[in-house]
*Asks:* 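What follows is a single structure, and I will ask about it in a moment.
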Amino acid sequence: MKIFCSREDEHYDYHQEIARSSYADMLHDKDRNVKYYQGIRAAVSRVKDRGQKALVLDIGTGTGLLSMMAVTAGADFCYAIEVFKPMADAAVKIVEENGFSDKIKVINKHSTAVTVGPEGDMPCRANILVTELFDTELIGEGALPSYEHAHRHLVEENCEAVPHRATVYAQLVESRRMWSWNKLFPIRVQTSLGEQIIVPPVDLERCPGAPSVCDIQLNQVSPAEFTVLSDVLPMFSVDFSKQVSSSAACHSRQFEPLASGRAQVVLSWWDIEMDPEGKIKCTMAPFWAHSDPEEMQWRDHWMQCVYFLPQEEPVVQGSACCLVAHHDDYCIWYSLQRTSPENNERVREMRPVCDCQAHLLWNRPRFGEINDQNRTDRYVQALKTVLKPDSVCLCVSDGSLMSMLAHHLGAEQVFTIESSAASHKLMRKIFKANHLEDKISIIEKRPESLTNEDLKGRKVSLLLGEPFFTTSLLPWHNLYFWYVRTTVDQHLGPGAVVMPQAASLHAVVVEFTDLWRIRSPCRDCEGFDMHIMDDMIKHALDFRESREAEPHPLWEYPCRSLSEPWQILAFDFQQLVPLQPLRAEGTVELQRPGQSHAAVLWMEYHLTPECMLSTGLLEPVDPEGGCCWNPHCKQAVYFFSPAPDPRVPLGGPQMVNYVVEFHPDTGDIAMEFRLEDT
């Protein structure tokens with residue numbers, strides 16, 4: 001997970017980036033911190049035992065934690081590299097606060113810009129290399145190029161390295177759920193004339209998909225949702241104590257499938273060994289592959305990876321196959337071969353690139369949402385109640401199949417607005433694959449530019465939306481549909497129906513099992529005072545734009561409801577967007593004891609008076625507060641400030657005061673939630 005980005009723009013607001021960083025998650029990662037400390041102690045001891053001074057290069061120092069560990073372990077001097085200036089400034093203060101300024105030099109540069117020599121940043125090369133440059137994919141933050149440069153220019157040959165080695169593991173599985181995040185499945189539509197099936201275009205089926213990794217909390221995927229086809233396979237290792245190459249490479253592992261099935265998905269993770277003997281190990285393995293699942297460390301800065309094979313491949317139990325891991329300097333991908341790569345010309349040397357448009361327009365949750373047959377059935381049910389034989393439908397959502405549902409259910413004429421060239425191209429392909437290119441008219445322009453000629457002189461009797469727009473980050477951003485409805489009002493005929501007819505904003509107060517860690521102050525980390533970093537985050541959170549809710553897919557982050565869900569605001573799509581703000585304020589008393597970490601918000605869309613779709617809770621909260629969240633949507637999480645400290649005993653009953661206001665001029669929703677004792 002990328003913690004900070006370096007921006008040269010002087011107007012760039014670092015406050016939000018700092019506030020949203022996962023610094024606390026890393027500092028709360030006890031397993032990571034302890035293993036690094038053990039590895040650093042061992043490395044310093046090995047250098048000292050050789051009668052040498054211990055000179056440490058710490059690349060990506062962040063708070064300076066690993067450098068302070070090194071000095072405490074006996075290192076003679078540390079060069080701490082940090083490219084992000086606000087973080088480098090904080091590291092200087094933290095190092096000074098902890099009394100290490102005479103032994104640690106913080107260098108605000110990219111490591112590739114660091115110089116060595118009498119007039120350089122470092123007088124000589126270091127003999128201990130300490131880094132934490134890893135993301136969930138291991139190499140996605142540029143670890144390989146950074147190590148490659150460091151070995152060539154900044155550290156001695158055969159230096160000590162912490163971590164010493166990393167190993168990437170993979171497991172081949174069949175999973176309809178995870179495969180639905182990458183491919184478009186046939187969609188069934190029950191009509192009065194029988195069943196119609198929407199099929200994907202051939203080039204979408206053949207497309208290798210998006211090149212980016214899908215990183216998730218794999219422990220939240222039930223083992224019942226996938227079939228294991230292989231053992232856990234060690235795919236490749238990187239020795240960080242020697243010269244590292246960032247050149248493209250592939251690594252193959254032959255295996256015999258444990259079961260027959262369809263190879264679709266590769267689950268992958270890594271571990272790092274902090275010492276040459278491999279006795280100090282930090283692993284990202286999911287619970288079923290973990291040596292001690294009861295003692296697993298929860299973390300969000302490193303998760304697990306889901307990779308999709310270019311095509312699903314049948315495998316037969318006991319019939320040998322080769323799984324191939326490919327990587328370049330920043331990216332890993334997989335292929336399945338029948339023989340070793342040396343003998344197979346089909347090995348994919350270049351990273352996969354989407355050539356069907358769908359993976360550029362739809363992200364993984366969106367694929368899953370479109371493939372959800374139960375969700376489609378709800379739309380069909382609602383459409384049947386509002387469609388008439390002479391209906392003229394206008395569909396407004398990005399890359400939506402709603403227009404096809406309307407056609408199959410008997411609308412006389414169907415138009416769909418696709419504002420971007422990518423969505424226009426994709427929808428044309430899908431319509432052609434289903435022989436509907438002459439049945440549904442695509443209008444490639446923004447809604448405000450719509451003309452009577454675009455609609456062939458017809459008035460719209462049914463305005464449709466899911467709604468879904470690719471630019472939406474928070475649940476209420478899809479209220480853009482309301483603005484479109486207002487913009488096209490002149491094109492609606494008398495008595496026109498809008499679907500959804502209305503929407504509502506809902507909230508619930510929750511206690512997270514683990515997600516609270518990403519916002520909780522650390523204070524002390526392995527004996528080092530981190531209050532300066534806590535203060536820096538608190539200062540960033542004092543800025544209004546950083547106190548807004550942030551999107552999280554809560555199916556990955558278990559939580560317990562402490563209040564009953566409540567409706568905050570309602571939006572009537574039958575009416576135009578109002579000129580005045582919509583405001584709600586009130587107090588909610590908590591019904592269950594627990595640590596109140598956040599308010600979670602989501603939208604509910606009322607397709608018709610009888611049919612509703614929720615982007616948040618899918619079922620009533622159970623008596624213990626258990627929550628079932630929509631797996632296709634991100635919910636909005638508003639963390640309470642200051643963050644509750646789990647080390648502080650719970651007090652008496654609490655309540656939440658809130659003020660929420662929808663601003664029609666910007667389309668945004670401002671909010672404030674305050675946790676108070678009753």
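All values derive from a computational prediction rather than experimental measurement.
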*Asks:* Count the heavy atoms of every other residue, nucleotide or ligand shown that sit under 6.0 Å from CD of Glu96, and state whether that count exceeds 12.
*Replies:*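 Open.
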*Asks:* CZ of Phe100 to OG of Ser67: how many Å apart, nearest 0.5 Å?
*Replies:*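 It is 10.5 Å, given to the nearest 0.5 Å.
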*Asks:* Please report the C-alpha distance between His663 and Asp665 in whole Å, then the side-chain angles of each, then the deciding distance to 0.1 Å, and finally whether the side-chain hydrogen bond (donor to acceptor under 3.5 Å, both in side chains) criterion is met.
*Replies:* CA-CA 6 Å; His663 296 280; Asp665 54 336; 4.5 Å; no
*Asks:* Report the C-alpha distance between Thr615 and Asn630 in whole Å, list the side-chain angles of each, state the deciding distance to 0.1 Å, and finish with yes or no for side-chain hydrogen bond (donor to acceptor under 3.5 Å, both in side chains).
*Replies:* CA-CA 6 Å; Thr615 67; Asn630 187 323; over 6 Å; no
*Asks:* For the residue pair Tyr658 and Val588, what are the closest heavy atoms and their distance?
*Replies:*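 That would be CE2-CG2, 3.8 Å.
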*Asks:* Decide yes or no on side-chain hydrogen bond (donor to acceptor under 3.5 Å, both in side chains) for Asn182 and Gln264, but give the supporting numbers first.
*Replies:* CA-CA 10 Å; Asn182 186 58; Gln264 298 168 328; over 6 Å; no
*Asks:* How about His606 and Gln501: does a side-chain donor come under 3.5 Å of a side-chain acceptor?
*Replies:*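 There is no such pair between these side chains.
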*Asks:* Verify whether one side chain among Glu604 and Trp602 offers a donor that lies under 3.5 Å from an acceptor in the other.
*Replies:*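 Note: Glu604 and Trp602 side chains meet the donor-acceptor criterion.
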*Asks:* List the atom of Thr61, the atom of Asp58, and the distance in Å for their closest heavy-atom pair.
*Replies:*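 Where Thr61 meets Asp58 most closely, the heavy atoms are OG1-OD2, 2.7 Å.
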*Asks:* Could Arg485 and Phe573 be counted as a cation-pi pair, given that NZ or CZ must be under 6.0 Å from the ring centre and within 45° of the axis?
*Replies:*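 No; the conditions do not both hold, so Arg485 does not lie above the ring face of Phe573.
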*Asks:* Are Ser596 and Gln654 linked by a side-chain donor-acceptor pair shorter than 3.5 Å?
*Replies:*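 A donor-acceptor contact under 3.5 Å links the two side chains.
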*Asks:* Examine Phe571 together with Trp482 and report whether their ring centres are nearer than 6.0 Å.
*Replies:*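 Yes, close enough.
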*Asks:* Using only atom types and a distance under 3.5 Å, with no angle test, would you say the side chain of Asp135 pairs donor to acceptor with the backbone of Gly140?
*Replies:*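 Yes, the answer is positive, given that a donor and an acceptor are paired below the 3.5 Å cut-off.
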*Asks:* To the nearest 0.5 Å, what is the distance between OG (Ser504) and CD (Gln567)?
*Replies:*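 Going from the OG atom of Ser504 to the CD atom of Gln567 covers 4.5 Å.
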*Asks:* If you draw a 6.0 Å radius around CD in Gln580, do more than 12 non-hydrogen atoms from other residues or ligands fall strictly inside?
*Replies:*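 For Gln580, atom CD is not crowded (no more than 12 foreign heavy atoms under 6.0 Å).
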*Asks:* Between Lys279 and Glu273, is there a salt bridge with N-O shorter than 4.0 Å?
*Replies:*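 Not counted as a salt bridge, because no side-chain N and carboxylate O are separated by less than 4.0 Å.
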*Asks:* Is the distance between the ring centroids of Phe481 and Phe468 less than 6.0 Å?
*Replies:*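 Here the rings of Phe468 and Phe481 have centres that are no less than 6.0 Å from each other.
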*Asks:* Answer yes if the side chains of Glu369 and Trp181 hold a donor-acceptor pair under 3.5 Å, and no otherwise.
*Replies:*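 Looking only at side-chain atoms, Trp181 and Glu369 do not form any donor-acceptor pair under 3.5 Å.
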*Asks:* Quick one: do the Asn657 and Glu676 side chains pair a donor with an acceptor below 3.5 Å?
*Replies:*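 Judged by distance alone, the side chains do pair up.
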*Asks:* With a 3.5 Å cut-off and no angle check, do the side chains of Gln635 and Tyr557 form a donor-acceptor pair?
*Replies:*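 Side chains of Gln635 and Tyr557: no pair found under 3.5 Å.
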*Asks:* Between Glu556 and Lys634, is the closest basic N to carboxylate O distance under 4.0 Å?
*Replies:*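 The answer is no: the pair does not qualify as a salt bridge.
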*Asks:* Please check if any side-chain donor atom of Glu466 sits under 3.5 Å from a side-chain acceptor atom of Ser397, or the reverse.
*Replies:*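 Looking only at side-chain atoms, Ser397 and Glu466 do not form any donor-acceptor pair under 3.5 Å.
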*Asks:* In plain terms, say whether Lys93 and Asp89 are close enough for a salt bridge, that is, a side-chain N and a carboxylate O under 4.0 Å apart.
*Replies:*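 Asp89 and Lys93: not salt-bridged.
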*Asks:* Taking all atoms of both residues into account, what is the closest heavy-atom pair of Met499 and Leu607, and its distance?
*Replies:*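 In this case the closest contact between Met499 and Leu607 is CG-O, 3.2 Å.
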*Asks:* What distance separates Gln304 CD from Glu137 CD, expressed to the nearest 0.5 Å?
*Replies:*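 The CD atom of Gln304 sits 13.5 Å away from the CD atom of Glu137.
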*Asks:* Give a yes-or-no answer on whether the side chains of Gln381 and Asp377 include a donor-acceptor pair shorter than 3.5 Å.
*Replies:*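 The criterion, which ignores hydrogens and geometry beyond distance, is not satisfied for Asp377 and Gln381.
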*Asks:* Donor-acceptor pair, distance only, cut-off 3.5 Å: does the side chain of Thr72 make one with the backbone of Met68?
*Replies:*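 The answer is yes, because a donor-acceptor pair under 3.5 Å joins these two groups.
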*Asks:* Pairing donors with acceptors under 3.5 angstrom, does anything connect the side chains of Gln217 and Asp300?
*Replies:*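 Per modelled atom types, Gln217 and Asp300 side chains form a pair under 3.5 Å.
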*Asks:* I want to know whether Trp302 and Trp269 have ring centres closer than 6.0 Å.
*Replies:*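 No, too far apart.
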*Asks:* To the nearest 0.5 Å, tell me how far His28 NE2 sits from Gln297 CD.
*Replies:*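 Answer rounded to 0.5 Å: 10.5 Å.
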*Asks:* How long is the straight-line distance from CE of Met284 back to CZ of Arg299, given to the nearest 0.5 Å?
*Replies:*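 Going from the CZ atom of Arg299 to the CE atom of Met284 covers 4.0 Å.
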*Asks:* Centre of Trp298's six-membered ring, under 6.0 Å away, within 45 degrees of the axis: is that where NZ or CZ of Arg32 sits?
*Replies:*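 No, Arg32 and Trp298 do not form such a contact.
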*Asks:* Could you please spell out the steps behind the salt bridge (charged side-chain N to carboxylate O under 4.0 Å, His left out) verdict for Lys30 and Glu526?
*Replies:* CA-CA 8 Å; Lys30 182 75 174 176; Glu526 301 307 314; 3.0 Å; yes
*Asks:* Write down the atom of Ile568, the atom of Ala507, and the distance for their closest heavy-atom approach.
*Replies:*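 Shortest heavy-atom contact: CD1-CB, 3.5 Å.
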*Asks:* If I take atom CE from residue Met671 and atom CG from residue Leu569, how far apart are they, to the nearest 0.5 angstrom?
*Replies:*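 Output value for this atom pair is 9.0 Å.
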*Asks:* Please confirm whether Arg375 makes a cation-pi placement over Tyr379, using NZ or CZ under 6.0 Å from the six-membered ring centre and within 45° of the ring normal.
*Replies:*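 That pair does not qualify as a cation-pi contact.
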